[in-house]
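Here the structure is laid out as structure tokens; the discussion comes afterwards.
Here is the naming used below: chain letters follow the sequence lines, and residue numbers restart at 1 for every chain. Computed from a predicted model, the values in this text were never measured in an experiment.
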Amino acid sequence: MPKQTFILNGKPVTVNVNDDVRVLWVLRDLLGVTGPKYGCGINVCKACTSHLNGKAFNPCSVKVGDLRKNDKVTTIEGLPATVGAKGEDLHPMQEAWLELDVAQCGYCQPGQIMAAVALVKKVRREGRDITEADLDRIRNVCRCGTYVRIREAIEKGARAMR
Amino acid sequence: MTALEHDPQATQHEQPEAPEGGLGRRGFLGWVMAGTTLVVAADLGLSRTAATAAIPSLPQVPEIYDLEDLQTDAALPTANLVTVTINKDGTASFALPRMEVGQGIVTSTAMILAEELDLPVEKVKVTLAPARPELLFNQLTGGSNTTFSTFTPIRVAAAVARRRLLDAAAIQLGTTVDRLTTTGGIISDTLGNTVTYGDLATSAASQVVEAVEVLLKSKPDYQVIGKPRNRTDAREAVTGRKKFTTDLDVPGALPTMVCRPPEHQGSPKRVRNRARVLKMPGVTHVAMVDTGVAVRARTFGQCIDAIRELEVDWNRGTVSGESDQTILAKLKAQELPMVVPQVPVLAQQVDTRFEFMFRSSAALEPYAAIADVRKDRAEVWAGLKAPIVAQGNIAAATGLRPDQVKVNVVTGGGSFGHKLFGDHAIEAATISRAMGVPVKLTWHRVDEPRQGRLHPMATSRVRATMLAGQVLSFEQRHTSVTTDFSHGLGEMITSLADELPTGLGGLGFAETIFTLTQELPYNFGVVTQLLNEPLEFEDKFSTGSMRNIYSPDTCVAAELTIDLMAKKAGKDPMQFRLDHVKNKRVRAVLEKVKKEGSWGRKMPKGMAQGVALHKEYKGATAVLVEIDCRPQTVGRDLGRETYTGPRVTKAVIAVDCGLVINPRGVEAQMQGGFMDGLAMTLSASNHLRDGRFLEASWDNYFYTRQWNVPPEGVEVHIVDPGSDTPGGVGEAAVGSSAAAVACAYARATGTLPTRFPINHGQLRFKPKSFVPSLPPSPTDGLKKTY
Ligand code: FES
Ligand code: FES
């Protein structure tokens, strides 16, 4: 069986699995990294949102064989380390989530936070701030309806990400 | 955004309250259990004290005795104990016989315990109890009942523990209990000597069971209850450490999915290519069960690939050939007649009829369960709100005795009524038994709207008769596809049949629940609200409640009709409601939204306000919304597969839910409930065509997304009625939100919507294939990064 190698949350990993298995299952079923959630498997619900080389991607829709060995996959578990947080410290976006007590059941929230961080970075690259229109376009489903607090938390987290 | 305030108008109770806090505080009995560390217990039946009062003829049943009372009374005779343990590290632990699905009951329970124990909330560890068959009805999470029914017993247990710790401290410090004070888990005497709960955990323990009488703290002394508090599991949730069922690592339980029939509730006849599919990468087992063909593999992705390859002959489903229109016609034929004849002399009448489509109650976490079934025992892990019923069903499905089945309750990724049923746990156990290996079962998203639980299709007719501006009568006839109550509520009703208030005897389960939940909060003369669930629909659809049972639909029908009545009477809709509200508690919430939402403010053409009121679960909720139905908003183009439609721009909610444990939790439940109501009125439904449901994705089933969220926010105001007892909040906002949105839409467009959701008539997506039952997993994710 082919060997798949990539960088997961800062450390290189190698797994024996066919090229066509989607990254989500490699993470969850083979590596036991369960922060990214399954909510649809067809790139609609966005519960699995993680980062690939710092940009949001949906691992349910990427074959593991399409990853290169230097590709950096970051899941919610590895998010704090991307800003150099140590020990139990968190990423500012996670802190904002805590302050606004966003989560209800929590199932969508790892994906929401990863999407939020990527969105803030994207608009910064474009040299601007987050707008209502940006927030409106976030596709991540929250069936518990925590959307209002998600919007507030993103704005708060964005300010802290300066 | 929460404003917790005391509304002087609402302080007078118009309904009998529990005796506690009234004339002198009542003592409660609890127990110290035998153990090596301090373990105390209280009877879960403590929540209610006396039999229900006689029913005067005029008020509707729920004003005296509602669904919460039924659930609470059903818990009475079981006389079973909940225990609190004081650990040597100074923490307290408690296993809650309920299920957390996101509603925040773990947090509110920890707060209640902390209050009575004088212990910081962080030191209270609340876990979910596995199935405890001896608890019977005491282990069903539903109808927003948790806090209402466990409030007193939990406090009694905590008070016993505190009392016992004080006794032990008095001995150790050589003083008397009245010279001791407790704060933050530390006991101090007047000289400044201290000892912690942890130090005393062992010495306070007892070798025998002892009864202890305690008094409970009264409301003015509360330090924790009523103060906003973030969820205790928030950190786990934002770090991804919170474990849901499929995140658990149970040895040997490999990913398993099911290839499901094209028709709703169909079944497999024959698998044609089992041997070939067994050879596919990763696949370990293929087994036919009554719900489909199960595949077990090394990864879920390989299960999906295998399911797409399977060739299966299917039996027809239970509604083969039926469509929305045929079911609606059957419902129409069964509608119960009104009592007041049409067009009596001189009187004015408003006659309305509304249709409510099927809706999926699926959560974001699809149905999932882990099962390990052996010859002589079974163990199951799943999100279950009625684990005892599931345990019995699993035993029956696997040929084991209930005591050979261990059911572990896992926190669920949302429920909304979905997890009242043990479908997923029973199916996983059946598959594990058929394969002879442990399995970790997940439903594919596609399976949820097509084969999962649905909120039943229904119609609601209303006839109101008015004479010279006075409302003489208000009749409502609700006709619904059968609602499945086989999750335990049905049994509760049967067991209480003789004790229920007059007027309920002889009704079926559904009709009883309907009568227990419907409570029109207006003085409209003679009010009758009746339900008919024709028998012809029994077992035809997989149904259940969905974050409330009938109320969202009945509330939409009633409130839209009330707007028409106001129009006939030449009154403003808000004023007309205020003129007819039944009591001060409902008036208070209505007045609140009127003020906070600036009722009557001028809006551009195509935009309008709407207001609605709902009373249930020992509380009341009023919602005021503003909606934008202008073409430029309705037609917003946000890309492929994105249904936008009318947009609610602002929502203001006022809720009276009795004693508030955690205002922040109430706010979250209101905001979440609002989104449900919004979806039910504007966008979310399932389409039935030829015995199949077409929806298969969140891009087909339009539950709300960010682009539907009111940009000006969802404001929540808690109106405190001064009550000593908590009511339910989990479902309280859904009905009034759905109705307020419907009323606003009607006013903005100048039309009366009669079918909900309003967008049901136009199919806005291309249905996914039925054979194969699952769509291919995409491969273009790298092109969609941002
Ligand atoms: S599971 Fe990846 S988007 Fe839904
Ligand atoms: S918090 Fe439950 S789905 Fe978002």
Query raised in the report: Salt bridge check: are A:D101 and B:R229 linked by an N-O gap of less than 4.0 Å?
Result: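 No, this pair does not count.
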Query raised in the report: Would B:R705 and A:D136 pass as an ion pair if we require N to O under 4.0 Å?
Result: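 Salt bridge: no.
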Requested in this report: Name the orientation class of the two ring planes belonging to A:Y38 and B:F300 (parallel below 30°, tilted from 30 to 60°, perpendicular beyond 60°).
Outcome: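 Parallel, since the angle between the ring planes stays under 30°.
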Pick from [options] with the largest number of heavy-atom pairs that fall under 4.5 Å of chain A:
options: B:E236, B:Q302, B:R647; value: B:R647
options: B:K784, B:R241, B:R445; value: B:R445
options: B:T779, B:D780, B:T642; value: B:T779
options: B:M675, B:E641, B:K440, B:H444; value: B:H444

Please classify the contact between [X] and chain B as side chain, backbone, both or neither, with a heavy-atom cut-off of under 4.5 Å.
X: A:Q94; answer: both
X: A:L98; answer: both
X: A:V21; answer: side chain
X: A:I138; answer: both

Query raised in the report: Taking A:R151 for the side chain and B:G713 for the main chain, is one N or O donor matched with an acceptor at less than 3.5 Å?
Result: no
Query raised in the report: Does a side-chain heavy-atom distance below 4.5 Å link B:E365 with A:K37?
Result: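 A side-chain contact under 4.5 Å is absent here.
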[atom2] on [Y] to [atom1] on [X], rounded to 0.5 Å:
X: A:W25; Y: B:I304; atom1: CH2; atom2: CD1; answer: 5.0 Å
X: A:R149; Y: B:R664; atom1: CZ; atom2: CZ; answer: 10.0 Å
X: A:L67; Y: B:L782; atom1: CG; atom2: CG; answer: 7.0 Å
X: B:D699; Y: A:I42; atom1: CG; atom2: CD1; answer: 7.5 Å

Query - Top contributor to chain B interface from A:V44, A:L24, A:L100, A:V62 [non-hydrogen pairs under 4.5 Å] - result: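 Option with the top pair count is A:V44.
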Query raised in the report: Among A:A47, A:G35, A:A56, who wins on heavy-atom pairs under 4.5 Å with chain B?
Result: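 Looking at each option in turn, the highest pair count goes to A:A56.
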Quick one: closest heavy-atom pair of [X] and [Y], and the distance?
X: B:G240; Y: A:I76; value: CA-CG2, 3.8 Å
X: B:N230; Y: A:E99; value: ND2-O, 3.9 Å
X: B:P366; Y: A:Y107; value: CD-OH, 4.0 Å
X: B:A237; Y: A:Q109; value: O-CB, 4.4 Å
X: B:L638; Y: A:R137; value: CD2-NH2, 3.4 Å
X: A:C105; Y: B:F244; value: O-CZ, 3.2 Å

Query raised in the report: Going through the checks in order, is the side-chain hydrogen bond (donor to acceptor under 3.5 Å, both in side chains) test met by A:R22 and B:T299?
Result: CA-CA 9 Å; A:R22 306 302 186 274; B:T299 67; over 6 Å; no
Query raised in the report: If you count the non-hydrogen atoms of other residues, nucleotides and ligands that lie under 6.0 Å from NZ in A:K72, is the total more than 12?
Result: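 Incorrect, the count does not exceed 12.
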Query - Member of A:C144, A:C40, A:C45 meeting the side chain to side chain contact (heavy atoms under 4.5 Å, CB included) criterion with B:L364 - result: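 The passing option is A:C45.
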**Report entry** Heavy-atom proximity to chain A below 4.5 Å, by part of B:P776
**Finding:**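 Contact with chain A involves the backbone of B:P776 alone.
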**Report entry** Heavy-atom proximity to chain A below 4.5 Å, by part of B:P255
**Finding:** side chain
